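A short write-up of the structure that comes next.
This is a predicted model, so every value here is computed, not measured.
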Amino acid sequence: MSSIADYKLEEDLQRLKEWLQKQPHLPQNIDKRILTAYVLGTKSLEIAKKKLDNYFTCKSTAPHYFTFPGRDPEDPAFKRGCEGMKLYILPNKTPEGYVIVMGVFNLDISKFNHHQFVARVTMMVDLAMIEWPDAAGVVFVCDLADFEASILTKLSIQANAFFLPWFEKAIPTKMKKLIFFNSPKFMDVIVNTFIKPFLSKKLFGRMLVTTEDVTVTKKCFPQELLPCDFGGREISSTDLNNYWLEKLRKNRDWFEKTNHQVADETKRLPDGKNTYGVNGTFRSLNVD
């Protein structure tokens, strides 16, 4: 990063901190690396403010996804849920600078827990913001070759009603593509019931659901970025999954500390103009 860019970043970070000092409902001792992700990921301080406000509002309205034991990598229920599918972030970004998150349903689907999955993703996104604050976007890729119809009984509308708007409205990095390959016939039911109602029209247009195999990803990024068991040059999906589970465990203390950083609505200043669009979006959200 050039010295000019460094100066601009520090200047914007200072302005964001000064704004935070005037927001009594928001935490003040926020990790600088998280603030950096909001500055670099939004390219606009006004958008950064709005998304940062939404981020901490989400944490207060959906505590199951942001507190222990739901977010505790050492909790038995958390560990059991992680045995339901592989989930990891690929080591290298696309040529455009996009981070690739990959899910694989080839473990014990009977142990899949949708709410635990959402908590796990929020944790990984937090760490990704720290590791790749300048990411130009996110691509989500999922292999459904071993997807079983029994998964329908385990999916939660409430979980997706939170998760998908959360990513769009509270995370600085934009979702650039969602790819579901090796999709079974019943995927149409999942898309229409659990996904489409909670995605913006713009993001829904970026979703690809196909019966084609992993080679379809070549249309979006070089296949060499994938794990070796998917035709790429990276370590196996099993090793990547284990790497990210260990990464969550190593950061357990950081999660425990930052889990308590939430919006306090009793201290929010009146905002007649609803400046940041939070009213009605996350404040009244209840998660079963």
message: How close do A119 and G70 get, counting heavy atoms only, and between which atoms?
response: CB-O, 3.4 Å
task: Considering non-hydrogen atoms only, spot the tightest contact between P133 and L40 and give its length.
output: O-CB, 3.5 Å
task: Taking all non-hydrogen atoms of both residues into account, name the closest pair between P227 and S237 and its distance.
output: CB-N, 3.6 Å
message: Which residue in the set K79, R249, R252 passes salt bridge (charged side-chain N to carboxylate O under 4.0 Å, His left out) when paired with D72?
response: R252
- prompt: Do the non-hydrogen side-chain atoms of C220 and I179 ever get within less than 4.5 Å of each other?
  reply: yes
- request: Check the surroundings of atom NZ in K174: do more than 12 heavy atoms from other residues, nucleotides or ligands lie under 6.0 Å from it?
  value: no
- request: Please say whether more than 12 non-hydrogen atoms of neighbouring residues, nucleotides or ligands are located less than 6.0 Å from NZ in K17.
  value: yes
message: Can you give me the closest heavy-atom contact between A136 and K176, atom names plus distance?
response: O-CE, 3.5 Å
- prompt: Looking at L52, D134, D12, which one forms a side-chain contact (heavy atoms from CB on, under 4.5 Å) with V39?
  reply: D12
Sidechain-backbone polar pair: S183 side chain, T211 backbone, donor-acceptor under 3.5 Å: no
query: Between L20 and L35, does a side-chain contact (heavy atoms from CB on, under 4.5 Å) hold up when you go through it step by step?
result: CA-CA 11 Å; L20 279 167; L35 295 181; 4.0 Å; yes
message: Testing the 3.5 Å rule here: is there a donor-acceptor pair between the side chains of N92 and E234?
response: yes
message: Can you confirm if the NZ or CZ of K247 lies within 45° of the ring axis of W244 and under 6.0 Å from the centre of its six-membered ring?
response: yes
Side chain to side chain donor-acceptor pair (under 3.5 Å) evaluation trace for D31 with Q261: CA-CA 10 Å; D31 193 317; Q261 295 182 324; over 6 Å; no
query: Does F167 share a hydrophobic cluster with M207, counting links as ILVMFWY side-chain heavy atoms below 4.5 Å and allowing steps through other members?
result: yes
field: Note, E83 side chain near L107 side chain (heavy atom, < 4.5 Å)
entry: no
- prompt: Is there a donor-acceptor contact under 3.5 Å from the side chain of N242 to the main chain of T238?
  reply: yes
field: Worked verdict on N54 versus T57 for side chain to side chain donor-acceptor pair (under 3.5 Å)
entry: CA-CA 5 Å; N54 283 343; T57 299; 5.2 Å; no
- prompt: Is any side-chain heavy atom of D126 less than 4.5 Å from a side-chain heavy atom of I130?
  reply: no
- prompt: Do we see a donor-acceptor contact under 3.5 Å between the side chains of S60 and E265?
  reply: no
field: Side-chain heavy-atom pair F78, R120 within 4.5 angstrom cut-off
entry: yes
task: Over 60° means perpendicular and under 30° means parallel, so classify the ring planes of F147 and F186, tilted if in between.
output: parallel
- request: Could you give me the CA-CA distance, side-chain angles and deciding distance for F117 and F112, then say whether side-chain contact (heavy atoms from CB on, under 4.5 Å) is met?
  value: CA-CA 8 Å; F117 164 77; F112 177 79; 3.9 Å; yes
message: With a 4.5 Å cut-off on side-chain heavy atoms, are R15 and L45 touching?
response: yes
- line: What one should report as the nearest heavy-atom pair of H114 and S156 is ND1-N, 2.9 Å
query: Within the distance-only criterion (no hydrogens, no angle test), does the side chain of D143 pair as donor or acceptor with the backbone N or O of V104 below 3.5 angstrom?
result: no
- prompt: Considering only heavy atoms from C-beta outward, does the side chain of F204 approach that of L178 to under 4.5 Å?
  reply: no
- request: Taking Q28 for its side chain and L26 for its backbone only, find out whether a donor-acceptor pair lies under 3.5 Å.
  value: yes
query: Are the aromatic rings of F163 and Y65 close, with centres under 6.0 Å apart?
result: no
message: What's the separation between atom CE in M129 and atom CE in M124, rounded to the nearest 0.5 Å?
response: 13.0 Å
- request: Carefully, step by step, assess T122 and R71 under the rule side-chain contact (heavy atoms from CB on, under 4.5 Å).
  value: CA-CA 9 Å; T122 66; R71 243 188 180 205; 3.2 Å; yes
field: Chi angles and distances behind the side-chain contact (heavy atoms from CB on, under 4.5 Å) call for C228, R233
entry: CA-CA 5 Å; C228 57; R233 296 181 181 177; over 6 Å; no
task: Decide yes or no for K169 and D53: does some side-chain heavy atom of the first lie under 4.5 Å from some side-chain heavy atom of the second?
output: no
statement: Given the options I100, V141, L208, T217 meets side-chain contact (heavy atoms from CB on, under 4.5 Å) only with V141
field: Student check: side-chain heavy atoms of M102 and F140 closer than 4.5 Å
entry: no
message: Aromatic contact between F255 and F66, with the criterion being ring centroids under 6.0 Å apart: yes or no?
response: no
- prompt: For F162 and F198, what are the C-alpha separation, side-chain angles and deciding distance, and is it a ring-ring contact (aromatic ring centres under 6.0 Å, His included)?
  reply: CA-CA 8 Å; F162 167 79; F198 310 111; over 10 Å; no
